[in-house]
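These notes concern the structure reproduced below.
Naming convention: chains lettered A, B, ... in sequence-line order (proteins, then strands); numbering from 1 in each chain.
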Amino acid sequence: MPEGHTIHRLARDHARFFAGHPVAVSSPQGRFEAGAAVLDGAVLTATDAYGKHLLHHYDHGAIVHLHLGLFGRVRHHRGTPPEPPDTVRYRVANAVHTIDLIGATACELLDPARLEALTARLGPDPLRADADPDRAYAALQRRRVGVGRALLDQRVVAGVGNVYRAEVLLVHGVHPELPARELGRTRFDGIWDTLRDWMARGVRERRIVTVDRDELGLPPGRIARGGATYVYRQTHCRRCGTPVRRWDLAGRWAYACERCQPPPA
DNA sequence: AAGAATGTTATGTA
DNA sequence: CTACATAACATTCT
């Protein structure tokens with residue numbers, strides 16, 4: 001489920017829920033026992049997000065690194081939480097809030113050196129104020145693969161996933177198979193700006209919405225699930241009605257409207 | 001109720 | 001260093 005906006009949203013929420021007071025940390029099924037032992041009763045002082053990686057910083061210096069992978073989630077309960085199901089790895093709670101981590105691929109303690117190594121191998125994250133788009137552009141210039149592949153490579157840009165990839169390339173008329181190094185600077189700048197805007201919107205709205213309500217003449221009210229994208233999981237391009245092509249690109253579905261995004265020669 | 005899904009890493013090969 | 005294929009890992013929802 002998660003692309004970068006989800007992780008930034010979680011970072012913000014967790015800081016709000018827990019900042020300043022001790023928390024109870026547990027590992028209900030014993031899959032993060034070492035961590036829970038170190039963390040229980042500590043104060044969660046700060047949270048941070050780099051791309052799809054979430055960090056919890058505790059007052060005694062411990063850092064928890066979380067990555068939700070393809071289907072990880074964090075569930076939030078207000079008030080008395082339910083008994084944790086078998087799949088809960090890491091539970092953080094105070095008198096009011098409880099969060100349960102489920103299905104994550106990473107849930108581990110990190111020392112500062114390993115945190116540094118982690119952030120060093122990530123490309124700039126459009127949601128971070130310290131992001132340097134020049135680095136992403138330079139990385140693109142070095143790749144021979146298509147832009148579609150390159151955009152999912154977290155060393156190029158951090159936080160972009162399959163939905164934003166499909167959508168941003170559609171809106172900018174770029175075919176996923178265009179060699180990354182052939183993407184012009186102007187076009188790249190447009191893509192970067194769009195990603196930043198959309199992902200910030202994703203944090204606010206807690207979901208991915210790339211479509212423009214006025215452009216599509218959508219009625220007021222919540223945009224239906226499945227109706228929030230132009231090509232991703234669409235059968236026809238929401239802009240021009242052309243059938244969408246979907247194909248396996250390095251193990252992920254790629255989507256394109258080959259009228260809006262002419263294939264490279 | 002099998003299968004799909006907004007992801008990454010490690011490993012071996014070229 | 002870049003690329004690519006394959007396997008492994010993690011759950012929920014239809």
Side-chain angles (χ1 to χ4, degrees), chain A residues 1-10 27-32 49-54 65-76 82 84-91 100-108 110 114 117-123 125-127 135 138-170 176-177 179-182 195 198-203 205-211 223 225-235 246-255:
Chain A
M1 205 135 216
E3 298 199 21
H5 69 288
T6 307
I7 309 308
H8 282 260
R9 170 42 101 177
L10 291 172
S27 166
Q29 304 308 323
R31 289 198 282 168
F32 188 47
Y50 287 87
K52 301 168 189 168
H53 299 263
L54 177 60
H65 168 224
L66 272 11
H67 193 292
L68 300 186
L70 188 51
F71 34 67
R73 286 189 173 188
V74 176
R75 287 194 183 138
H76 174 229
D86 286 1
T87 47
V88 173
R89 294 263 277 282
Y90 169 57
R91 167 174 276 195
D100 282 342
L101 176 74
I102 286 157
T105 48
C107 175
E108 60 181 357
L110 227 54
R114 294 189 57 210
L118 169 69
T119 57
R121 78 179 133 90
L122 293 173
D125 173 350
L127 283 175
R135 273 179 54 215
L140 248 17
Q141 292 287 295
R142 273 182 257 117
R143 317 240 152 194
R144 264 169 287 181
V145 288
V147 217
R149 280 184 168 226
L151 277 184
L152 280 197
D153 186 337
Q154 303 295 299
R155 294 169 299 189
V156 175
V157 182
V160 174
N162 209 16
V163 184
Y164 285 129
R165 159 177 83 170
E167 295 292 296
V168 82
L169 292 179
L170 173 94
E177 286 165 337
R181 48 169 44 158
E182 290 176 27
L195 286 172
W198 281 353
M199 292 171 78
R201 183 183 188 183
V203 173
E205 302 187 17
R206 307 176 122 97
R207 65 188 293 221
I208 298 175
V209 177
T210 60
V211 296
I223 295 173
R225 68 253 159 237
T229 55
Y230 289 107
V231 270
Y232 178 76
R233 286 211 203 177
Q234 303 294 335
T235 59
R246 182 183 85 152
W247 71 101
D248 185 304
L249 188 54
R252 312 299 305 279
W253 289 119
Y255 300 81

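- With a 6.0 Å radius and a threshold of 12 heavy atoms from other residues, nucleotides or ligands, A:Arg144 has its CZ atom at or below the threshold.
- Minimum interatomic distance between A:Ala106 and A:Arg89 (heavy atoms only, all atoms of both residues): C-NH2, 4.5 Å.
- Between A:His53 and A:His65, the two ring planes are parallel [angle under 30°; tilted spans 30° to 60°].
- The NE2-P distance, from A:His67 to B:dA10, rounds to 12 Å in whole Å.
- Each of C:dT12, B:dT8, B:dA5 was ranked by its minimum atom distance to the side chain of A:Leu70; first place goes to B:dA5.
- Toward the 5′ end of DNA chain B lies the nearest nucleotide of A:Ile208, the other residue of the pair A:Ile208 and A:Arg121 mapping further downstream.
- For the pair A:Leu118 and A:Tyr255, both in contact range of DNA chain B, the more 5′-proximal nearest nucleotide belongs to A:Tyr255.
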Under 3.5 Å, N/O pairs linking protein and nucleotides 2-5 of chain C:
| unit_1 | atom_1 | unit_2 | atom_2 | d |
| --- | --- | --- | --- | --- |
| C:dA3 | OP1 | A:Arg144 | N | 2.4 |
| C:dA3 | OP1 | A:Val145 | N | 3.2 |
| C:dC4 | OP2 | A:Arg149 | NH1 | 3.1 |

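- The separation between A:Arg165 atom CZ and B:dA5 atom P is 13 Å, rounded to whole Å.
- OP1 or OP2 of B:dG7 has not a single side-chain nitrogen or oxygen of A:Gln154 nearer than 4.0 Å.
- For A:Arg252 and B:dG7, the CZ to P distance is 4 Å, given to the nearest whole Å.
- One atom, CZ of A:Arg31, and another, P of C:dA10, lie 7 Å apart when rounded to the nearest Å.
- Between the C1' atom of C:dC13 and the CD1 atom of A:Ile102 lies a distance of 13 Å, rounded to the nearest Å.
- The neighbour count for A:Arg155 CZ, taken as heavy atoms of other residues, nucleotides or ligands under 6.0 Å away, does not exceed 12.
- A donor-acceptor contact shorter than 3.5 Å is absent between the side chain of A:Gln29 and the backbone of A:Ser27.
- Nearest nucleotide to the side chain of A:Glu3, out of B:dT8, C:dA10, B:dG7: B:dG7.
- Here A:Arg246 lies in heavy-atom contact (under 4.0 Å) with sugar-phosphate atoms only.
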Exercise for review: Using a 3.5 Å limit on both pairing distances, list the dot-bracket string of DNA chain B from the 5' end; Watson-Crick and G-U wobble pairs count, crossing pairs take [ ], interstrand pairs take |.
Suggested key: .||||.||||||||
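- Note: CZ (A:Arg75) to C1' (C:dT11) measures 9 Å, nearest angstrom.
- The neighbour count for A:Arg114 CZ, taken as heavy atoms of other residues, nucleotides or ligands under 6.0 Å away, does not exceed 12.
- For A:Arg233, the side-chain atoms get nearest to B:dA5 when compared with the rest of B:dA5, C:dT12, B:dT8.
- If you take CZ of A:Phe71 and P of C:dC13, they are 13 Å apart, rounded to a whole angstrom.
- Using a 4.0 Å heavy-atom distance criterion, A:Thr105 is classed as a base contact.
- In terms of heavy atoms, A:Pro2 sits closest to A:Thr6 at CA-OG1, 3.7 Å.
- Rounding to whole angstrom units, CD of residue A:Glu108 and P of B:dT8 are separated by 14 Å.
- A donor-acceptor pair under 3.5 Å links the side-chain atoms of A:Lys52 to the main chain of A:Val160, judged by distance alone.
- Side-chain atoms of A:Tyr50 and A:Leu118, non-hydrogen and from C-beta on, never get closer than 4.5 Å to each other.
- For C:dA10, the OP1/OP2 oxygens have no side-chain nitrogen or oxygen of A:Thr87 closer than 4.0 Å.
- Residue A:Arg201 comes nearest to A:Thr210 through the heavy atom pair NH1-C, 4.3 Å, listed as atom of the first residue, atom of the second, then distance.
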